[in-house]
Participant: 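The structure follows.
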Amino acid sequence: MKVAQTNACMGCHAVDRKLVGPSFKDIAARYKGDAAAQAKLEKKVRDGGAGVWGAIPMPSHPGMSAADIHSVVGWVLAGSPSK
Ligand code: HEC
């Protein structure tokens, strides 16, 4: 997914295994059926934070556009389809 690749998300996340951060599949499973997840995770990617999966923080991404954050979070919640 282009937004994930060009914003270094894949330096800390993989689709199906834990790296520095949780796998995108695990994130999709955790928030399955949670109608508030899209907005909540968009904010988390933009502002960063820790404590949901462990003590390691995710850095903020203040330079990303709202549209890019929206599309990458939607992709993660959709189960990270390969196309
Ligand atoms: C420097 C490493 C790092 C980078 C870069 C990074 N993440 Fe993360 N990410 C983490 C860590 C660590 C967590 C777990 C945070 C926590 O426990 O609250 C996380 C958590 C998440 C979560 C789940 C948040 C939650 O509250 O459940 C999402 C969604 C996510 N990352 C998406 C992204 C996206 C999209 C990008 C690229 C724009 C990205 N991450 C870049 C390390 C990173």
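Side chains are part of it too, since the values below use all heavy atoms of this structure and drop only hydrogens, waters and symmetry mates. First listed ligand is number 1; within each ligand, the first listed atom is number 1.
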Participant: Taking only residues two or more places apart in sequence or in another chain, which ones pass side chain to side chain donor-acceptor pair (under 3.5 Å) with Gln38?
Facilitator: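 Expected list: Glu42, His70.
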
Participant: Give a yes or no answer on whether the side chain of Asn7 reaches the backbone of Val3 with a donor-acceptor pair at less than 3.5 Å.
Facilitator: yes

Participant: Of all residues at least two apart in sequence or in a different chain, which pass the side-chain contact (heavy atoms from CB on, under 4.5 Å) check with Lys25?
Facilitator: Val15, Asp16, Ser23

Participant: Is the count of non-hydrogen atoms from other residues, nucleotides or ligands lying under 6.0 Å from Arg30 atom CZ greater than 12?
Facilitator: yes

Participant: Are Ile27 and Met10 co-members of a hydrophobic cluster defined by side-chain heavy atoms under 4.5 Å apart?
Facilitator: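 Yes, it is one cluster - the side chains of Met10 and Ile27 are joined through contacts under 4.5 Å.
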
Participant: For ligand 1, list all ligand N or O to protein N or O distances below 3.5 Å, rounded to 0.1 Å.
Facilitator:
unit_1	atom_1	unit_2	atom_2	d
ligand 1	7 (N)	His13	NE2	2.8
ligand 1	9 (N)	His13	NE2	2.8
ligand 1	17 (O)	Val52	N	3.2
ligand 1	17 (O)	Trp53	N	2.6
ligand 1	17 (O)	Gly54	N	3.3
ligand 1	18 (O)	Lys44	NZ	2.7
ligand 1	18 (O)	Gly51	N	3.3
ligand 1	18 (O)	Val52	N	3.0
ligand 1	26 (O)	Tyr31	OH	3.4
ligand 1	26 (O)	Lys44	NZ	3.0
ligand 1	27 (O)	Tyr31	OH	2.5
ligand 1	27 (O)	Trp53	NE1	2.8
ligand 1	31 (N)	His13	NE2	2.8
ligand 1	40 (N)	His13	NE2	2.8

Participant: Scan the side chains in residues 47-68 for donor-acceptor partners under 3.5 Å anywhere in the protein, sequence neighbours excluded, and list what turns up.
Facilitator:
unit_1	atom_1	unit_2	atom_2	d
Asp47	OD2	Lys43	NZ	3.2
His61	ND1	Val45	O	2.9
His61	ND1	Pro59	O	3.3
Ser65	OG	Asp68	N	3.0

